[in-house]
Asker: 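Please find one structure pasted underneath; my questions will follow.
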2 protein chains.
Amino acid sequence: MSRVWNFSAGPAALPLSVLERAQRELLDWNGSGASVMEQSHRGKRFIAMAQQVEANLRELMDIPDDYAVLFEQGGATQHFAQIPMNLAVEGDSADYIITGHWSEKAASEAAPYVRVNVAATSKSESYLRMSARETWKLDPNASYVHIATNETIHGVQFKQPPDVGNVPLVADMSSDILSGPVDVRRYGLIYAGAQKNIGPSGLVLIIIRRDLLERPTRPMAKIFRYVEHAAHDSMLNTPNTWGWYLAGLTFEWLKDNGGLAAMAELNRQKSELLYSTIDGSGGFYANPIDPPVRSRMNVPFTLHDSALDAAFLQESEAAGLLALKGHKALGGMRASLYNAVPLQAVQVLVDFMHDFARRHG
Amino acid sequence: MSRVWNFSAGPAALPLSVLERAQRELLDWNGSGASVMEQSHRGKRFIAMAQQVEANLRELMDIPDDYAVLFEQGGATQHFAQIPMNLAVEGDSADYIITGHWSEKAASEAAPYVRVNVAATSKSESYLRMSARETWKLDPNASYVHIATNETIHGVQFKQPPDVGNVPLVADMSSDILSGPVDVRRYGLIYAGAQKNIGPSGLVLIIIRRDLLERPTRPMAKIFRYVEHAAHDSMLNTPNTWGWYLAGLTFEWLKDNGGLAAMAELNRQKSELLYSTIDGSGGFYANPIDPPVRSRMNVPFTLHDSALDAAFLQESEAAGLLALKGHKALGGMRASLYNAVPLQAVQVLVDFMHDFARRHG
């Protein structure tokens, strides 16, 4: 077996030691004589594990007790809709800050459930920079303010949460959760699809301030109500048990590797190595994004001559560098540098990039 | 490692050879140098696999081309709500046949989206029998008729689909899909949570006649619309890739083991062995369900003296028989005999039951 360096935007690389442990335990988990996938979620063994997973996440992210943690399904996309279903009623409005593809999509899926006010958008600048906070047209009566802390496709990232006053800040952190410390108290609701920094796809993490669970809602099925999921410890119905388990292995791996402060430092090093290679390539490679908002997780870049794209992809794959093809919306390349991508992988990548530029420059 | 005999109602036993293959491939799937969990769902390798999985399911179940097959999330419970959201508009009604806990729950979650007409219910008989078809009060103008083909908790099962005329028949098959051949053409929509006969939890299979995708709906987010999922081959957003992969391994296992006709025969043998043991125990064990509607998948039973329950559970677990505790709604015991539970497991169970009765009789 030869493992490659995996730069997939998601579903993305998982820590090797997490995969190895899942492999060891696959047929006989926790002395049960059955796989973790074959356990009733209502059994003692699974419940004990689930509680420990939540406790480890609370420790890693320093989540206060007045926040509930939910392990849900449907991808972040479903929660683009479910969030306004839970936080707003007919006639309410919410402020959306549009910084790229995903925040735009969040607003579009919310529109059937809340009056969407685009309080700021950098679309006219091709999302290469972020609108300054002073220019945002926030409504003090909004149900919430929505941001995507990191745009997986456009490669821009909030390095700090914006100040939005007393209106709850709702953040899609799918592609940068756990990549560094976050002050959870600054947010009303944090949500994230698992398939970047948490575990396999099919799991969504939701961290919600408990007072927001009590908001009145329109009539809807129980299964869409966060307050019901919280009351049933995310076991209102059968959860994604494998995803929950894998997330737990990742949280243990994070704890064993210095927690989120260590991740932040590592992600800073990885992204700086790649950005400096791009910026120092004399124009062979380019990333046109305003440096202060460049993402530490997803680095889109282009080659000076797109006729070289095919060769770059073919040669990089042959060199054991997987999934560098950019999103079709932007073309070019993209390297995703999530927690499970080690510094060594980025070193191999930039070595390849230097070599490729020399041969094709 | 010693594997136990697993009678869990779900998440349930998976075929051992499926688990062994998943274990072998966990770090390096399909020559990619990465886990199947680490693959982009939009990559060539994953898409080729996903298409093959669907093709194998179509072959196993003989699904006609005018039905779409969707690989979704949220559990059957979410689709209790999503089905009326997709098949009915404000003011429409739908007929529900209540045969136990799950069909009752389906009706309750549907109620915010469609006028629920309980066309038949056996609740007053504690769900021990099913209302005769002639007594159902069907509405020829209903949007659809809903049944649960098998009630996981109450242990009753439709052995044949009921005739409901031209109104589309919608069936929750979560706990008996793939347990035997089904004439898909008799149904408008079939859905099933994966965690019994398909794969791990967190995946829902939906088989829907394509004309039903075209029904007008109320305004709602795209992510809730089956027609959008069908148009995007279940990749409207990131699917549960691990669940899809495991389902595929299960479908291959089914093909290698004689398909659904062979499963039907095996499930008949397994359930008859257990029911005959219960019925022949001279009252030590009892299953009070009307024999023609007894489930071949989930067999609830009681001991003549519930004071023996704790000993039965303790001794059975010590004998390597997992998860025989009944659902709290009924008490007593329950043995789930899904496809992955071999005849040998049921033989070990009935041997244990004979022995237990002798020692405690």
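Chain naming here is simple, since letters A, B, ... match the order of the sequence lines and numbering starts at 1 in each. In what follows, every heavy atom counts, from backbone to side chain, and hydrogens, waters and symmetry copies are set aside.
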Asker: Heavy atoms only, distances under 4.5 angstrom: which of A/E38, A/Q23, A/E20 has the most pairs with chain B? Name it, please.
Answerer: A/E38

Asker: Donor-acceptor pair, A/E109 side chain versus B/A221 backbone, under 3.5 Å?
Answerer: no

Asker: Mark yes when over 12 heavy atoms from residues, nucleotides or ligands other than B/E317 sit less than 6.0 Å from its CD; otherwise mark no.
Answerer: no

Asker: How long is the span from the OG1 atom in A/T77 to the NZ atom in B/K222, to the nearest 0.5 Å?
Answerer: 11.0 Å

Asker: Who pairs with B/R42 by side chain to side chain donor-acceptor pair (under 3.5 Å), at least two apart in sequence or on another chain?
Answerer: none

Asker: Check whether any side-chain heavy atom of B/L16 sits under 4.5 Å from a side-chain heavy atom of A/L27, and report yes or no.
Answerer: yes

Asker: Identify the residues of residues 319-329 of chain A whose heavy atoms come closer than 4.5 Å to a heavy atom of chain B, ordered by number, or report 'none'.
Answerer: A/L322

Asker: Below 4.5 Å from any heavy atom of chain B, which atoms of A/Q195 appear? Answer side chain, backbone, both or neither.
Answerer: side chain

Asker: Pick one of side chain, backbone, both or neither for A/A9, based on which atoms fall under 4.5 Å of a heavy atom in chain B.
Answerer: neither

Asker: Measuring heavy-atom distances to chain B, does A/F224 have an atom under 4.5 Å in its side chain, in its backbone, in both, or in neither?
Answerer: side chain

Asker: Taking B/G202, B/A12, B/P239, B/P11 one by one, which has the highest count of heavy-atom pairs under 4.5 Å against chain A?
Answerer: B/P11

Asker: Checking B/R218 against chain A: side chain, backbone, both or neither under 4.5 Å from a heavy atom?
Answerer: neither

Asker: Between B/G31, B/P219, B/S40, B/S32, who has the most heavy-atom pairs with chain A when the cutoff is under 4.5 Å?
Answerer: B/S40

Asker: B/N6 side chain to A/A34 main-chain N or O, any donor-acceptor pair under 3.5 Å?
Answerer: no

Asker: Have A/T241 and B/S201 got a donor and an acceptor in their side chains that come within less than 3.5 Å?
Answerer: yes

Asker: Are A/N240 and B/N240 close enough that some pair of their side-chain heavy atoms sits under 4.5 Å apart?
Answerer: yes

Asker: Please give me the minimum heavy-atom distance between A/G74 and B/Q73, naming the atom from each residue.
Answerer: N-OE1, 2.9 Å

Asker: Check each atom of B/E72 against the heavy atoms of chain A and say whether the ones under 4.5 Å are side chain, backbone, both or neither.
Answerer: neither

Asker: Under 4.5 Å heavy-atom distance to chain B, tell me which part of A/F46 shows up: side chain, backbone, both or neither.
Answerer: neither

Asker: Are B/I223 and A/Q82 close enough that some pair of their side-chain heavy atoms sits under 4.5 Å apart?
Answerer: no

Asker: Going by the angle between their ring planes, with limits at 30° and 60°, are A/W242 and B/W242 parallel, tilted or perpendicular?
Answerer: parallel

Asker: To the nearest 0.5 Å, how far apart are CD in B/Q78 and CG in A/L236?
Answerer: 11.0 Å

Asker: Would you compute the distance between atom NE2 of B/H79 and atom CG of A/N237 and round it to the nearest 0.5 angstrom?
Answerer: 10.0 Å

Asker: Taking side chain as C-beta onward, heavy atoms only, is B/S8 less than 4.5 Å from A/Q39?
Answerer: no

